[in-house]
Amino acid sequence: MKDFAAYALDLKNQGKLDLNQPFEIIIEAELDENGKLKNAKFTKKAGDANLVDLFGRMVAALNDSGFLVYLKPVDKDNPGSKVVFTIKQGESEVLATVESEASSIESARVLAKGFNIALSLGAQSRAGKDEEALLKNTSAEPVGRKIVFNFTMPRQAVVDLIKKQLADKPS
């Protein structure tokens, strides 16, 4: 994550980071037994090239940092699951989804319920920190056999959060 922050700060310092530009990326990967992505590939890149690259690096940083270990129950339920990340910034909001398929409709329901409890507990444990807003704006829902994580937040709130993070980093 430090490398990601350094890269974002470098873009900012070069005047190449315009957080107000629209973009969309879709990354597809397989989930391994350790909750890590493998064979990740972009299946869509649209909009501002710097933001496309930056948010692609963010997904890679989340993977490298072990943050995605939270997806481990999905692989345990349905080994080798495909995971699809979609991140899109429009004029008014930032939307992100993470989709993966469970072994059954019932498993998707149970997993989504467990993930929502974990998100709620995580938000409570991060009260007053930036992560609280991110966790509170994320939910999991079953859609047939799929588990779909949805994150929606006003674009300006996300931009402000990123700017705050960049301002906290030494140049």
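Side chains included, hydrogens not; waters and symmetry mates left out as well; all remaining heavy atoms used.
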*Please name the pair of heavy atoms, one in Arg145 and one in Ser103, separated by the smallest distance, quoted to 0.1 Å.*
NE-O, 3.5 Å
*asked:* Would you say Phe42 ends up clustered with Leu51 if hydrophobic residues are merged whenever their side chains have heavy atoms under 4.5 Å apart, either directly or through other cluster members?
replied: yes
*Mind listing the closest non-hydrogen atom pair of Ala112 and Ala140 along with its distance?*
O-CB, 3.9 Å
*asked:* Show the nearest heavy-atom pair for residues Ser81 and Glu101, with the distance to one decimal.
replied: OG-O, 3.5 Å
*asked:* Let's go through Phe85 and Leu62 carefully: what are the C-alpha distance in whole Å and the side-chain angles of both, what is the deciding distance for side chain to side chain contact (heavy atoms under 4.5 Å, CB included) to 0.1 Å, and is it a yes or a no?
replied: CA-CA 12 Å; Phe85 286 83; Leu62 289 172; 5.7 Å; no
*Is the count of non-hydrogen atoms from other residues, nucleotides or ligands lying under 6.0 Å from Gln14 atom CD greater than 12?*
yes
*Short side-chain donor-acceptor distance under 3.5 Å, Asp77 and Ser107*: yes
*Closest heavy-atom pair and its distance - Val74, Ser100*: CG1-OG, 3.3 Å
_Any salt bridge linking Glu132 with Lys129? Criterion: basic side-chain nitrogen under 4.0 Å from a carboxylate oxygen._
no
*asked:* Given 3.5 Å as the limit, does a donor-acceptor pair link the side chain of Lys36 with the main chain of Asn63, or not?
replied: yes
Name every donor-acceptor pair, under 3.5 Å, that has one atom in a side chain of residues 18-31 and the other anywhere in the protein, sequence neighbours excluded.
unit_1: Asp18; atom_1: OD1; unit_2: Asn20; atom_2: N; d: 3.1
unit_1: Asp18; atom_1: OD2; unit_2: Gln21; atom_2: NE2; d: 2.9
unit_1: Asn20; atom_1: OD1; unit_2: Arg155; atom_2: NH1; d: 2.5
unit_1: Glu24; atom_1: OE1; unit_2: Lys44; atom_2: NZ; d: 3.1
unit_1: Glu28; atom_1: OE1; unit_2: Lys82; atom_2: NZ; d: 3.4
unit_1: Glu30; atom_1: OE2; unit_2: Asn39; atom_2: ND2; d: 3.1

_Results of side chain to side chain donor-acceptor pair (under 3.5 Å) for Asp32 - residues two or more places apart only_ = none
*asked:* Testing the basics here: between Ala102 and Ile147, what is the closest heavy-atom pair and its distance to 0.1 Å?
replied: CB-CD1, 3.9 Å
